[in-house]
Amino acid sequence: MSVTRLHTTSVTAEGFELQLSADGRLRHLLTMRGLDRERIGELLDQSQAFVTSPGEPVARSDALRGKTVANLFFEPSTRTRASFDLAAKRLGADVLNLDVNTSSRKKGESILDMIYTLQAMRVDVFVVRDAEAGVPGFIARHVNEFVSILNAGESDVSHPTQALLDLLTIRQRKGRIEGLKVAIVGDIAHSRVARSASEALVTMGVGELRLVSPPALSPAAGTVPAEARILNRLDDGIRDADVVMALRIQRERIGNLDGIPGIDEYFASYGISHERMKLAAPGAIVMHPGPMNRGIEIESSLADSPCSVITQQVANGVAVRMAILSTVTQTLDNQRR
Ligand code: NCD
């Protein structure tokens, strides 16, 4: 077993044990592992309650009135950060968006000292994105009992709120998750989106999960559920699929680009296009977590076509984060009683 595998396994196991309170409520959200079908179903139902149509007023409540949410993003983010920010504000929280470039972590302060500082200012929920595996779980082990940690993207390991918004979108469009054929295509090896989505899809009883990538970007052994089919040919992945999710090549996580196809070659072999989608099941949907590279992993006009649910995913992101923020702060309130 490789060192990476050992490290990753211990990280996810740690998150899995930590995220529930003594009485079984969701206290932190660190990983999709260990969340059962019933709990995921409940979280999707709660998220659905916050979904509104364009033109309608957005969902609001004062569930987080008096609470403070701090967004700590140590890696770039547009969608995830903006949606956590809006979700917290629409629930009435005070929100601190820390500018990590001017934060004292740049002066060498440890992440833990920074957390303790903000905890002393009575931050209730930390939303954390970091390039290093294990950071959200590490923080969760050190904060006091009145604080929650939400993982907003952890290295290539985990991105649980993205998995929930992906599941919610699939459920809305397909009416179910159970029995569907889902193909996730692209840089599986470095994708926290693929990892968390795979874990959640398997828990929800997906019919067939296909992880399709160039051989150099196939997942390392043990990093994805055993139920997944690991494929290297796009046609094998797309044929009869109900859902096709395209992923970006995570160049920032790839030290050595040897064996990774160049842009034109990549699109020809792995790009999701109108032509390729003819192989998919009738009514198949196309997903992408963003940020997307048009013309590389997805044909530009396909991304804007009726089968694309990419903007619906973004809209659902706010609803899912409202549901998670409400759930964990309720757990914190229960701990106070
Ligand atoms: C992804 C991420 O950051 O993991 N984006 C997102 O959160 N919506 C995927 C990516 O960066 O390619």
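All ligand and atom numbering here is 1-based and tracks the order in the structure. Quick note: numbers below take in every heavy atom, side chains included, and nothing from hydrogens, waters or symmetry partners.
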| message | Which option wins on minimum heavy-atom distance to atom 8 (N) of ligand 1: Ser191, Ser158, Gly186, Pro289? | response |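 Of the listed residues, Pro289 has the closest heavy atom.
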
| said: My understanding is that only residues two or more places apart in sequence, or in another chain, count here; which of them pass side chain to side chain donor-acceptor pair (under 3.5 Å) with Thr68? | reply: none

| query | Distance under 6.0 Å and angle within 45° of the ring axis: does Arg33 meet both against Phe16? | reply |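 Geometry flag: not set, cation outside 6.0 Å or 45°.
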
Can [X] be said to touch ligand 1, with heavy atoms closer than 4.0 Å?
| X | value |
| --- | --- |
| Pro291 | yes |
| Gly290 | yes |
| Glu75 | no |

For ligand 1, which atoms sit closer than 4.0 Å to a heavy atom of [X]?
| X | value |
| --- | --- |
| His159 | 2 (C), 4 (O), 6 (C), 7 (O) |
| Arg248 | 10 (C), 11 (O), 12 (O) |
| Gln162 | 6 (C), 7 (O), 8 (N) |
| Val193 | 1 (C), 4 (O), 9 (C) |

| field | Residue pair Ile184 / Ser198: nearest heavy atoms and the distance that separates them | value | CD1-OG, 4.1 Å

| field | For the student: nearest non-hydrogen atoms of Arg37 and Thr203, plus distance | value |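 So the two residues come closest at NE-O, 3.2 Å.
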
| task | Quick one: look up the protein heavy atom nearest atom 3 (O) of ligand 1 and list residue, atom name and how far away it is. | result |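 Going atom by atom, the protein heavy atom closest to atom 3 (O) of ligand 1 ends up being Arg192 NH2, 2.9 Å.
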
| Taking Glu297 for the side chain and Asn293 for the main chain, is one N or O donor matched with an acceptor at less than 3.5 Å? |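 Such a contact is found between Glu297 side chain and Asn293 backbone.
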
| query | With sequence neighbours left out, which residue pairs that include part of residues 49-64 fulfil the side-chain hydrogen bond (donor to acceptor under 3.5 Å, both in side chains) condition? | reply |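 Sorted pair list comes back empty.
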
